[in-house]
Amino acid sequence: MDKRRDDHPFRYGNASSSIYRAYTFPYTEISSNALSDINNYIDSIVFNKLNKTLVHATEQRFKEAVFEIADNTHIHSNSNQIYMYGQHFPQKQSLAFTIADNGISIPVKVNNALHAYTKNVSSHDTDLIDWATKQGNSTKDVPAAGLGLSDIINTMKQLGELTIVSNYGYWKLNSSNTLVKHHLNFPLHGTLIHFNFLLEKNFYTPTDNSAILSF
């Protein structure tokens, strides 16, 4: 199938440069516990729009990260809906994917949970997000178990970059595995998590070159 008939490229910045060409995945709103619908969106909308096929292990890690965020949304933020959208940049070999909810933010949830156990709680939202990303930290049963964010972060350290925006906190893990943290001037009600998967050649299944969409 010629995927050029399925979607149209949007251009950003210098319109004459193909590196800015991106294929968008439509915005969708899905129940946070409807894993079959989320799985169908990933398979039929996201993976189907890629110009190459990801190796199975990479596909599974992508899905596991999205499912974990959806589960966190349902359990921790008390939100029944998640909002998803994304873009694929073929020349940059990157897949940008965002998941958001409008429930209880990570800093608020962590702050409330920690106050039940200790008075030594940071007032900075970036620190509270940082706490939630550590292995073994959870708002379900402080300090046991885990939010699952630590597993996602370990995955993204190998596959790309991860950004978390929640309340007044901005937290980003760069591809160099360095952290960038900022305090926002205005709050984001809920949580937005942005994945930037760097799709290097070894993440693709070898295919017949004639079947690969060229740009």
Side-chain angles (χ1 to χ4, degrees), residues 10-13 17-25 27-28 38 41-42 45-47 49-73 77 82-101 105-107 110 124-135 137 146-184 188 190-204 215:
F10 288 80
R11 294 174 185 263
Y12 299 88
S17 175
S18 62
I19 197 171
Y20 293 102
R21 188 177 292 181
Y23 285 77
T24 61
F25 311 131
Y27 166 88
T28 188
I38 297 172
Y41 178 86
I42 294 173
I45 301 297
V46 179
F47 291 160
K49 296 299 182 184
L50 297 180
N51 61 313
K52 299 178 184 179
T53 303
L54 295 175
V55 296
H56 180 70
T58 303
E59 286 188 353
Q60 289 302 112
R61 295 172 84 177
F62 179 93
K63 285 186 177 182
E64 287 170 2
V66 174
F67 292 157
E68 188 64 47
I69 296 302
D71 185 60
N72 285 346
T73 298
S77 74
I82 58 172
Y83 311 93
M84 301 189 297
Y85 55 95
Q87 293 174 310
H88 174 222
F89 297 87
Q91 294 298 324
K92 293 171 65 176
Q93 294 194 63
S94 68
L95 169 60
F97 195 76
T98 299
I99 309 173
D101 69 73
S105 69
I106 292 175
V110 170
H124 298 290
D125 283 0
T126 53
D127 292 336
L128 294 171
I129 294 174
D130 205 42
W131 182 93
T133 66
K134 304 302 183 185
Q135 182 70 40
N137 289 343
L147 267 173
L149 289 178
S150 62
D151 293 332
I152 294 172
I153 289 165
N154 288 335
T155 293
M156 295 310 297
K157 283 180 178 179
Q158 302 175 52
L159 299 185
E161 300 176 326
L162 176 68
T163 302
I164 302 173
V165 181
S166 193
N167 207 35
Y168 286 95
Y170 175 96
W171 185 100
K172 181 177 182 179
L173 175 70
N174 287 320
S175 58
S176 60
N177 290 339
T178 58
L179 285 180
V180 176
K181 297 189 286 186
H182 295 301
H183 179 83
L184 303 177
L188 173 73
T191 297
L192 180 149
I193 296 181
H194 177 76
F195 300 97
N196 185 27
F197 290 88
L198 304 179
L199 305 176
E200 297 176 359
K201 292 181 180 180
N202 58 308
F203 292 153
Y204 292 117
F215 292 85

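Computed from heavy atoms alone, side chains included, the values below leave out hydrogens, waters and symmetry copies. Residue numbers run from 1 in the order of the sequence given. Because the structure is a prediction, the values reported are computed rather than measured.
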Under the salt bridge (charged side-chain N to carboxylate O under 4.0 Å, His left out) test, residues paired with K181 that sit two or more places apart
D127, D130
So V66 and M84, do their side chains get closer than 4.5 Å, heavy atoms only?
yes
Given side chains that start at C-beta, do those of P107 and I129 come closer than 4.5 Å, heavy atoms only?
yes
Side-chain heavy-atom pair V180, H182 within 4.5 angstrom cut-off:
yes
Side chains of F47 and F62: closer than 4.5 Å at any heavy-atom pair?
yes
Do I152 and I193 touch side chain to side chain, with heavy atoms closer than 4.5 Å?
no
Using the side-chain contact (heavy atoms from CB on, under 4.5 Å) definition, which of the options T163, T126, L179 pairs with W171?
L179
Taking the side chain as everything from C-beta on, heavy atoms only, tell me whether F89 gets closer than 4.5 Å to Y23.
no
One should read off an interatomic distance between R61 CZ and D151 CG, to the nearest 0.5 angstrom, of 11.0 Å
Can you tell if the side chain of T155 reaches within under 4.5 Å of the side chain of K157, non-hydrogen atoms only?
no
State, with a plain yes or no, whether a side-chain heavy atom of T98 is found less than 4.5 Å away from one of F195.
no
Does S175 offer a backbone N or O that forms a donor-acceptor pair with the side chain of E161 under 3.5 Å?
yes
